[in-house]
Amino acid sequence: MFNTVYEWFWWDRIWLPVNLTWADLEDREDRVYAKASHLYVIVPYAFAFLLVRYLFERWVATPLAVSSGIRQRVHLKLEANPILERYYTTQSRNPAQDDIGGLSKKSSLSERQVERWFRRRRSQDRPGVLKKFREASWRFAFYLAAFIGGIVALYDKEWFYDTREVWTGFPKQSMLPSQYWYYILEMSFYGSLLFSITFDVKRKDFREQIIHHLATLVLLSFSWCANYIRIGTLVMLVHDASDVLLESAKLFNYAKREKACKVLFVLFAVVFMVTRLIIFPFWLIYCTWVYPIQHYPAFFGYYFFNVMLVVLLCLHVFWAYLILCMIRKFIFGTVSPLRMDDVETS
């Protein structure tokens, strides 16, 4: 049974164009191709990223936060109360007025004391500014390094300037060392985000974050195995471009540098709209939708890859709506200064 599923999963017609087999992508003297077995290193590398992140947040981000005037929030002491704690963890963090009366009788506290206990308990679970600053610092450092690394890896490649070159010689395109590390490090980073998502600050787009991380990993894994590496590197570069600005805007927001925060957020919004809603659909998706069938008949992998790109595009539209709402609010002074914790575009 397992062998049947395995053979079906790796069937040539799913992954490769007609008249091509996996044998055509075996390493030769002057050619090295991406293989699924290469992706095994992503799991240990993802855990390595978590370790590096811990050290970075402790020895770099925390001192930087302190120098910016950010301190660890001190919570008011909360008396242990098993009855209220059980209700808080199993039923609701915000009890209704009728429930407060019942809890008051069970815990031998007044209704005002019960309400005060729940307020303080919620405050304990609310992430402090220091935690948010450390997370944003780590993401900023990675996205900046990834974007610079992507530019260095792609600036001298023909397909960086002419997307038709993405498909020249496909799929018999030898993998470059720069492409290997660009892919592996990006996928390991997104893997680490999935591992840590339950511990990180939760935002309104929490579900969309999970969908985005999973779609990104599936998309990158498929493009790696099917040797869609050239277009994959372009997709990663387009995504990293705006994320650098968003995380830097958050850092200034947490440090209460409102003017710099607003300037960076507007700049981020412009770059986001250009890269995610113009370049991504009209250059990259067009490149994967139109040009391939000029070289070979459409196959399952062609449709699957484009569907995953459209899923990412839908998420981009959702985030663009949130971004525009925030800009409208802080321009008209209805939010101070930005509710950027509601947005996480990667």
Side-chain angles (χ1 to χ4, degrees), residues 46-78 80 85 88-89 92-94 116-146 188-213 216 240 242-258 260-262 264-265 268 319 322-323 326 329-330 335-346:
F47 283 106
F49 262 112
L50 292 177
L51 176 60
V52 173
R53 171 181 172 176
Y54 170 78
L55 297 175
F56 177 88
E57 290 185 355
R58 181 170 182 177
W59 298 107
V60 178
T62 300
L64 183 61
V66 172
S67 66
S68 301
I70 300 172
R71 298 288 188 273
Q72 182 69 47
R73 184 171 60 185
V74 178
H75 295 283
L76 295 175
K77 186 177 180 181
L78 184 68
E85 181 67 27
Y88 181 88
T89 55
S92 174
R93 298 175 54 179
N94 294 282
R116 185 184 303 118
W117 188 94
F118 274 94
R119 281 198 303 271
R120 292 181 178 178
R121 183 65 179 85
R122 287 193 299 271
S123 178
Q124 285 188 343
D125 283 350
R126 194 175 300 119
V129 176
L130 180 59
K131 178 177 175 61
K132 295 178 181 178
F133 186 92
R134 288 190 298 224
E135 284 188 15
S137 297
W138 166 244
R139 292 173 187 261
F140 169 78
F142 176 83
Y143 292 138
L144 180 61
S188 300
F189 176 74
Y190 281 109
S192 71
L193 291 183
L194 274 180
F195 292 151
S196 65
I197 200 167
T198 56
F199 307 103
D200 291 341
V201 176
K202 288 184 173 58
R203 299 173 175 85
K204 287 185 177 180
D205 61 345
F206 177 76
R207 293 180 181 178
E208 288 77 14
Q209 284 184 61
I210 296 177
I211 295 173
H212 178 274
H213 297 339
T216 300
D240 291 336
S242 59
D243 290 332
V244 175
L245 294 168
L246 175 61
E247 299 304 328
S248 61
K250 289 181 180 181
L251 293 176
F252 280 99
N253 183 35
Y254 301 144
K256 300 187 184 303
R257 306 293 195 274
E258 185 173 335
C261 172
K262 287 186 176 182
L264 284 169
F265 188 78
F268 153 74
W319 282 316
L322 293 182
I323 292 167
M326 290 181 201
K329 288 179 180 179
F330 81 72
V335 65
S336 176
L338 297 171
R339 293 289 302 277
M340 288 180 298
D341 288 337
D342 296 341
V343 175
E344 187 63 55
T345 64
S346 281

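Given the structure is predicted, the values throughout are model-derived calculations rather than measurements.
When every heavy atom of A249 is checked against every heavy atom of C261, the shortest pair comes out as O-SG, 3.5 Å. Scanning all heavy atoms of the two residues, the minimum distance from F268 to S242 falls at CD1-O, 3.1 Å. When all heavy atoms of L144 and V244 are compared, the closest pair comes out as N-CG2, 3.6 Å.
Atom OG1 of T62 is separated from atom CZ of F56 by 9.5 Å, given to the nearest 0.5 angstrom. Atom OH of Y190 and atom CZ of F195 lie 15.5 Å apart (nearest 0.5 Å). With rounding to the nearest 0.5 Å, the separation of CD1 in I323 from CH2 in W319 is 9.5 Å. Atom CD1 of I70 is separated from atom OH of Y254 by 9.5 Å, given to the nearest 0.5 angstrom.
Residues W138 and F189 have side chains in contact (heavy-atom distance under 4.5 Å, counting atoms from C-beta outward). Between L246 and F265, the closest side-chain pair of non-hydrogen atoms falls below 4.5 Å. Side-chain atoms of F49 and L193, non-hydrogen and from C-beta on, never get closer than 4.5 Å to each other.
For A146, the side chain to side chain contact (heavy atoms under 4.5 Å, CB included) partners are F142, E186, D240, not counting sequence neighbours.
The side chain to side chain contact (heavy atoms under 4.5 Å, CB included) with R139 is formed by just one residue from the set K250, R134, E247; it is E247. Checking S192, S196, S137 one by one against R53, the side-chain hydrogen bond (donor to acceptor under 3.5 Å, both in side chains) holds for a single residue, S196.
For OH of Y54, the number of neighbouring non-hydrogen atoms (other residues, nucleotides, ligands) closer than 6.0 Å is 12 at most.
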